[in-house]
Amino acid sequence: MSRGNKCVYYLCGKNPRHNANLSLFGFPKDLERSRQWIKNSGNTDLIHLEIEDLRKKKICSDHFLADDYLNFSKKILKRSAVPVPYEPVVPFHVRSPKKLYTYPYKSSENMCNLDPSSISNYKSTPLSPSSFKTPVKQKLSFIDNSDSCCLNFESPKSIHLLTPTKTNLTIGSKDNTPILTPKTRSWLDSTLNMPESSSNFEKQIQKLTETTKKQSNYIKKMKERMEFKQKVISNKRSTIAKLKKNLKNSRHLFKNKNIFNSSSFPSTDSQTLVKMQIRQNISRKPWTNLEKDFSLRLYYKSPSAYKFLRSTKINLPGLATIKRWVGASKFRPGFNSNLYQQIKMKVSSMTYEETFCTLIFDEMKIKRFLEYSKVLDTVEGFEDLGTFGRTSAMASQAMVFMIRGIYSSWKLPVSYFLSSTSMKATTLSEIILEQINQLMTCKLHVKAIVCDQGPNNRSALTKLGFTKDKPWIEVNGNKIFSVYDVPHLIKNIRNNFLSSDFIFKNNKVSFQDIKKTYMIDKSSSTSRSLLKITDSHINPGPFKKMSCKLALQIFSKSMFATMRTCIMTQELKSPTAAHTAEFVKEINNLFDCLNSQSLYCSNPYKCAISEERPLIRLQLEEAKRWCSQLKKCKGHGRPYTFDGLEWTINAILGVYEEQKKIGFHYLLTARLNQDAIENSFSVFRQKGGYNNNNPTARAFRITFKMMTKMHLMKPSIASNCGADNDHNILEVDSYTNVLENNDNNDDLMDSSSLSFSFDDDESIEIPMVSLSKCSDKYFSGYLGKKCIEKFNCKKCQQFMLTATPINFSDEDYLIFCRAYGSKSGHFGLNVPTDDFTNYISHCQKLLAKIVLKTPHKLQIGLSVKKLIVKKIWPNLDIDSECTSHLEFVTMHLIECKLLRDFNWKSRNMKVQTLSKLKILKNV
C-alpha cells in the first residue's frame with residue numbers, strides 16, 4: 001500500500017491525500033497477473049510500460065471487491081486479487097455546432113512539412129467522449145506571425161479517430177526485438193476493446209489539425225479571450241499562494257517537517273526515533289510500521305531501559321500499546337490453535353512454491369526456576385508438554401519446533417514443550433507426527449524434518465521408521481525425509497578426529513598433520529596463510545568442541561592449500577600428510593555441496609543441486625562411497641556421525657528427486673539445515689539486554705511469543721552458525737541493516753633458513769622455498785589486486801602484477817592451490833612480481849620490529865608508514881604519478897597486519913588464560 005501516488009484506473013485519478021480511507025496497491029510482479037490488471041483497468045497507456053515502470057503505478061481500493069482483501073480494513077490484498085473490469089462507454093458520433101480547435105506545437109516545421117498522404121495508413125474509428133481530454137498544465141498558444149504554424153480545423157458533424165494499423169510490438173522488453181508468442185498475441189487482442197488512451201487521442205488530433213488551416217480570424221478572437229482568462233487565473237494563483245504561505249507559517253508541524261527532511265541521519269532507526277519526537281501530542285495518527293518495529297525491538301532488548309526513556313519524556317508508545325501489538329494469545333507450551341489459524345490465513349495468500357517447507361526441532365537449556373503468572377494463573381517452571389500432560393518435575397529443557405521455507409526465505413516458530421530432562425523418544429515421535437499433521441491442515445507441504453544427532457532424536461526417528469538406506473516415511477500419502485544437521489555432523493567428525501586417526505580410502509589420516517601445519521604457519525615472521533586458525537582450533541576445550549564454526553574452519557580450503565604448500569616445500573614430511581590434506585579437501589567440498597545458497601557461484605561446489613550442475617551429484621555419490629568405508633583406528637564401534645553423514649546424503653538426494661517429479665529443477669541444500677533455529681536460540685539468550693544463557697520458563701514463553709509475532713532482533717555474532725537471512729512469516733512488515741611476529745634478525749632480507757621444533761623434538765630446516773615465502777607471494781598478489789581495482793593504473797600493474805604464467809614457480813604454489821579455477825587456468829589472483837613481493841616482505845619485517853618494541857605507541861600505523869617511506873621507498877623505481885597508489889598499498893598492508901596480529905594474539909591470550917585457570921582449579 002502506498003500514499004504517494006494516484007490511481008491509474010481509467011478516469012479515476014484518486015489520491016489518498018484527498019480521500020482519507022483510500023488505499024493504493026501496486027501492480028504484481030507476475031507478468032500474467034499484471035497483464036490482467038492492465039486489461040481490467042482500461043488504461044491503454046500501461047500496455048507498453050516496462051515491468052520496472054509498471055511496478056510504480058497504483059490502483060486504489062475502490063476498484064476491488066470486498067472478497068479480494070485479507071482483512072476488514074482493506075489494507076492487504078489477496079495474492080490472487082484483480083481489479084474490477086472497466087466497463088467502456090458505447091462509442092457514438094458527436095454532433096455539435098461548428099467550432100474551431102487549436103493545438104499547440106513546439107516545432108512548426110514538423111507541422112508544416114508533414115505529408116498528408118501519410119494519413120492513408122490509418123483506419124478511422126468513432127470518437128468516444130470519454131477519450132477526449134485537454135492536456136493538463138499546458139498553455140494553448142495562438143500565433144499570429146507567419147513564422148509559426150497555427151492549426152485550425154472545423155469540428156465535423158461526425159469525428160473519427162485515426163488509429164495505426166497492426167505492427168509488431170515489443171511488450172516488456174528493453175530491446176527492440178518483437179516478441180509475439182501466442183499468449184502475448186491473445187492478450188493484445190483482448191485489449192482492442194479498451195478505451196482509447198489520451199496520448200493516442202492527442203496524436204490523432206495532431207494529424208487532423210494538420211489538414212485544416214482555416215478561420216484564422218476566429219482564432220485571434222479566441223486568443224484575446226484566453227489572454228484575459230490567463231490574467232484572471234494568474235491573479236487567482238497568486239492569491240492561493242499567499243493563503244498557502246500564511247497557512248504554512250501558522251502551523252508548527254510544517255516547520256518541524258522541514259527541519260526533519262533537511263537533516264541527515266546515520267541510520268533508519270535514528271531517523272525513526274527523531275520522527276517520533278516531533279509528533280504532535282494532539283494528533284491521533286497511528287504509529288507507522290517502522291515506529292512499531294523500532295519500539296518493539298527496544299522494549300524487547302531491555303524493558304527497564306524502555307520504561308526509563310518514557311519516564312524522561314521520550315515520545316514512545318505506551319506499555320499497553322506494546323502489549324496490544326504483541327497479541328492477546330498466551331502461547332502456552334504445546335500446540336496453539338490461534339497461531340495455526342493465522343498460519344492458515346497466511347498460506348492462503350502464498351504461492352505454490354512458497355508452501356514447501358522443512359520442520360526443524362532442537363532443544364535449548366533453560367533455568368530451573370518457578371514463577372507465578374497472574375495472566376495465566378499458573379506457576380510456570382514445571383514440566384509442560386501441552387496436550388501430552390503436565391507434571392510436578394521442574395523443567396530444564398525447552399524443545400522448540402520451527403518451520404522454514406525451502407524455496408523462499410521465511411521462517412516461523414510454531415510450538416515449544418518444556419521437559420525436565422531430554423525429551424523421551426516415544427513422546428518426541430508422537431509430537432513430530434502431530435506437528436506434521438497440524439501443518440498439513442494449514443495447507444503447508446512439509447518435505448523434510450531436520451535435527452541434530454542427539455540420542456533422543458536418533459531413537460525417535462528410528463521409532464518413526466527412518467533408516468540410513470530409507471530415510472523417509474509416508475504421512476497421509478506424502479513422503480517426509482529426515483535430515484541431520486550438516487554443521488553438527490562436521491563438528492562430530494572433528495571431535496572424533498582429535499582423539500583418533502582415521503582410515504580414509506584405505507589410507508591413514510591424522511590430525512597431527514594439521515597441527516604441524518599450524519605450527520609451521522604460526523612461526524612465520526611475515527605473512528600467514530591460516531589467518532583464522534588459533535590455538536582454540538588445534539587444542540579445543542570442552543566448550544570449544546561444541547563450536548561448529550571452529551570445526552568448519554579446520555576443514556577448509558585454506559587448510560588444504562596450506563598443507564599442500566608445506567608438503568611441496570618439504571616442511572611437512574609426515575607420511576600421512578598428503579592423505580590428510582586430501583581428507584580435508586573432501587570434507588570441505590562435501591560441506592560446500594550440502595550448504596549451497598545460490599543457483600550459481602564461483603565455487604562450483606556451492607551451487608544448487610540441478611541437472612545443469614552434475615558435478616554436485618557426482619561429488620555426493622563419491623562422498624557416500626568413501627563415507628561408508630570411513631573408520632577409526634582406535635575403538636571397535638563405528639561412530640554414529642559416519643552413518644549420519646551417509647544418511648543425510650541419501651535424504652537430500654531423495655528430496656531433490658521428489659521435488660524434480662513435481663516440477664522443481666533445483667534444490668538449495670542450505671535450506672535443509674537448522675541454522676534458523678540456532679539463530680533463534682541466540683536471540684532468546686539476548687532477552688533483557690545481557691547474555692542470558694539459560695532463561696527461565698516464563699522468560700522463554702514471553703520471548704517465544706514476541707519472536708513469533710515480530711522479527712525483533714538479529715542473532716548474536718557469537719552464534720553457533722551462520723546468519724540465515726530469513727524473515728518471520730507473520731511479522732508486521734518485511735524490510736526487505738593474526739599473526740605473531742618474532743623475527744629478531746637485523747637484516748631486512750629473507751633468511752635462507754630457519755629452525756624450529758615440535759613437541760616431539762623433531763627439528764626441521766626450512767629450505768629456500770618455504771610456506772612463509774609462499775604466503776608473502778599470496779599477500780602481495782592480494783594487495784596488488786586491491787590497488788589495480790581502485791586506481792586501474794597500468795604503470796602500477798606492470799610494477800606489481802604479472803600475467804598468469806604458463807609454468808608456476810614454487811613460490812606461487814599457494815596461489816595455485818587456493819584458486820577454485822586452477823584446473824581451467826583461471827585464478828582469482830595474478831602472480832605478483834619479484835620486486836613487489838620483496839617490497840611487501842621488507843615492509844612486514846620493518847613493521848614487526850616496531851610493533852615488537854613499542855606496541856603501545858600512539859599513531860603506530862602512521863609511524864610505520866613514515867619509516868617505510870624513509871628507508872625502503874628510495875630503493876624503488878616507481879613513477880611519481882604512482883606515489884599515491886603505493887601509499888594506499890602501504891597503508892592497507894599496515895592496517896591488515898595490525899588488525900590480524902593483535903586479534904590473533906588476543907584470542908590466543910584468552911585461550912592461555914583459560915588453560916591456567918583450569919590448572920589452578922585442578923590444584
A.B. asks: Leu439 vs Tyr340, test: side chain to side chain contact (heavy atoms under 4.5 Å, CB included). Steps then yes/no.
C.D. replies: CA-CA 8 Å; Leu439 296 175; Tyr340 287 115; 4.2 Å; yes
A.B. asks: Would you find more than 12 non-hydrogen atoms of other residues, nucleotides or ligands less than 6.0 Å from Lys660 atom NZ?
C.D. replies: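 Atom NZ in Lys660 is crowded, with more than 12 foreign heavy atoms closer than 6.0 Å.
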A.B. asks: Out of Phe681, Phe417, Phe401, which one pairs with Phe361 under the ring pair (Phe, Tyr, Trp, His ring centres under 6.0 Å) rule?
C.D. replies: Phe401
A.B. asks: Report the relative orientation of the aromatic rings in Phe684 and Phe704; use parallel for angles under 30°, tilted for 30 to 60°, perpendicular for over 60°.
C.D. replies: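 Phe684 and Phe704: tilted rings.
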A.B. asks: Relative to the ring of Phe64, is the ring of Phe25 parallel (under 30°), tilted (30 to 60°) or perpendicular (over 60°)?
C.D. replies: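 If you compare the ring of Phe25 with that of Phe64, the planes turn out perpendicular.
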A.B. asks: Between Trp287 and Ser295, is the side chain to side chain contact (heavy atoms under 4.5 Å, CB included) condition met? List the steps.
C.D. replies: CA-CA 10 Å; Trp287 301 96; Ser295 302; 5.7 Å; no
A.B. asks: Give a yes or no on this: more than 12 heavy atoms of other residues, nucleotides or ligands lie within 6.0 Å of atom NZ of Lys470.
C.D. replies: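 Yes, because the 6.0 Å sphere around NZ of Lys470 holds more than 12 heavy atoms from other groups.
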A.B. asks: For the pair Arg79 (side chain) and Ser349 (backbone), establish whether a donor and an acceptor sit closer than 3.5 Å, ignoring hydrogens and angles.
C.D. replies: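 Yes.
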A.B. asks: For atom NZ of Lys479, decide whether the heavy atoms of other residues, nucleotides or ligands shown that lie under 6.0 angstrom number more than 12.
C.D. replies: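 Counting other residues, nucleotides and ligands, NZ of Lys479 exceeds 12 neighbours.
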A.B. asks: Looking only at heavy atoms, what is the nearest atom pair of Asp362 and Gln674, with distance?
C.D. replies: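 Taking every non-hydrogen atom into account, OD2-NE2, 3.4 Å.
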A.B. asks: Looking at Glu371 and Arg701, does any basic side-chain N land under 4.0 Å from a carboxylate oxygen?
C.D. replies: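 No, Glu371 and Arg701 are not salt-bridged.
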A.B. asks: If you measure from CD1 on Ile652 to OH on Tyr484, what distance do you get to the nearest 0.5 Å?
C.D. replies: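 Spacing of CD1 (Ile652) from OH (Tyr484) equals 13.0 Å.
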A.B. asks: Indicate every side-chain donor-acceptor pair of residues 423-432 with a distance under 3.5 Å to a residue at least two apart or in another chain.
C.D. replies:
{"from": "Ser429", "atom 1": "OG", "to": "Ala425", "atom 2": "O", "distance (Å)": "3.3"}
{"from": "Ser429", "atom 1": "OG", "to": "Thr426", "atom 2": "O", "distance (Å)": "2.7"}

A.B. asks: By ring pair (Phe, Tyr, Trp, His ring centres under 6.0 Å), which residues pair with Phe356, not counting sequence neighbours?
C.D. replies: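 Ring pair (Phe, Tyr, Trp, His ring centres under 6.0 Å) list for Phe356, sorted by chain: Tyr352, His445, Phe664.
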A.B. asks: Under the ring pair (Phe, Tyr, Trp, His ring centres under 6.0 Å) test, which residues partner Phe466, sequence neighbours left out?
C.D. replies: none
A.B. asks: Can a salt bridge be assigned to the pair Arg332 and Asp384 using a cut-off of 4.0 Å between side-chain N and carboxylate O?
C.D. replies: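 Here Arg332 does not pair with Asp384 in a salt bridge, since their nearest N and O are not under 4.0 Å apart.
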